[in-house]
Amino acid sequence: MSVISALPFLKPVHLMSPRSSPGRQRRHTLPASEFRCLSPEDAISVFEIEREAFISVSGDCPLHMDEIRHFLNLCPELSLGWFEEGRLVAFIIGSLWDQDKLSQDAMTLHKPHGTTVHIHVLAVHRTFRQQGKGSILMWRYLQYLRCLPYVRRAVLMCEDFLVPFYQKCGFRVLGPCEVTVGALAFVEMQCAVGGHAFMRRNSGC
């Protein structure tokens, strides 16, 4: 299964006014949304959103600029950006991992033969927060991963206060994460995506 085969989940979504109907000419529409994998050219926009989202809270970013470029060069197919009128408003960056638990190496390595997607970061631009975009983007990302036959699960690490958010997205708690950043401790969570089983039930993948 190629990335191209998974593209139904990445097609543009055109958001229409509730009063509009497809057979009627519209003067005003809401901005068109597009979901697509990121490229190295998106790295600056990614880092600007990430820096604002994380530095004020934890004092550091999950990924620095060189790490963003690193993953977007190695495995851009494991990223997903939400663009509105061509502007990046939210994104996810992941890489492959090949062990049961995350370790410090998982922060910087991409294991091409792994079956676990390590989600490094999910961030939303400050002017688009509190609109449910993080949940929508994660849902679309997980649906996209289900179309990749080599992926069996997605894992992430987060602080305690984010656990309820990710549980609502379908993740379950595995326990304390072995990785720490300074004084920060994290919870490790996973979501089964199971590639092949999903594809058999969904011929559109």
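Residue numbers run from 1 in the order of the sequence given.
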Can you tell me how far apart [atom1] ([X]) and [atom2] ([Y]) are? Round to the nearest 0.5 Å.
X	Y	atom1	atom2	result
Glu50	His125	CD	NE2	13.5 Å
Ile44	Ile49	CD1	CD1	12.5 Å
Asp42	Ser79	CG	OG	8.0 Å
His70	His64	NE2	NE2	14.0 Å
Glu178	Met157	CD	CE	11.0 Å
Glu159	Phe186	CD	CZ	5.5 Å

Beyond-backbone contact of [X] with [Y], side-chain heavy atoms, under 4.5 angstrom:
X	Y	result
Val151	Thr115	no
Ser135	Phe165	yes
Phe47	Leu63	no
Trp97	Ser103	yes
His118	Leu102	yes
Thr116	Arg152	no
Ile92	Met138	yes
Phe171	Leu142	yes

Considering all heavy atoms, the nearest [X]-[Y] contact:
X	Y	value
Pro76	Cys37	O-CB, 3.4 Å
Met189	Cys158	SD-SG, 3.8 Å
Cys191	Arg146	SG-NH2, 4.3 Å
Leu109	Ser95	O-OG, 3.5 Å
Leu78	Tyr141	O-OH, 2.6 Å

message = Ring-plane angle category for Trp82 and Phe35, please: parallel below 30°, perpendicular beyond 60°, tilted otherwise.
response = tilted
inquiry  = Using only atom types and a distance under 3.5 Å, with no angle test, would you say the side chain of Tyr144 pairs donor to acceptor with the backbone of Leu80?
reply    = no
ask   = Looking only at atom types and distance, does a side-chain atom of His110 sit under 3.5 Å from a main-chain N or O of Cys75, one as donor and one as acceptor?
value = no
Report the residues that fulfil side-chain contact (heavy atoms from CB on, under 4.5 Å) with [X], sequence neighbours left out, ordered by chain and then residue number.
X	result
Pro40	Leu72, Asn73
Gln104	Met107, Val179
Arg172	Leu174, Gln190

query = Are Ile93 and Leu74 connected, step by step, through hydrophobic side chains (Ile, Leu, Val, Met, Phe, Trp, Tyr) whose heavy atoms are closer than 4.5 Å?
reply = no
task = Just grab all the salt bridge (charged side-chain N to carboxylate O under 4.0 Å, His left out) pairs involving residues 110-137, residues at least two apart or on different chains.
result = Glu52-Arg129, Glu84-Lys133
note = So salt bridge (charged side-chain N to carboxylate O under 4.0 Å, His left out) across residues 87-103, not counting sequence neighbours, yields Lys101-Glu188
key: Positive for side chain to side chain contact (heavy atoms under 4.5 Å, CB included) with Tyr166, one of Val187, Ile119, Leu122   = Leu122
Set of residues satisfying ring-ring contact (aromatic ring centres under 6.0 Å, His included) with respect to Phe71, sequence neighbours excluded = His120
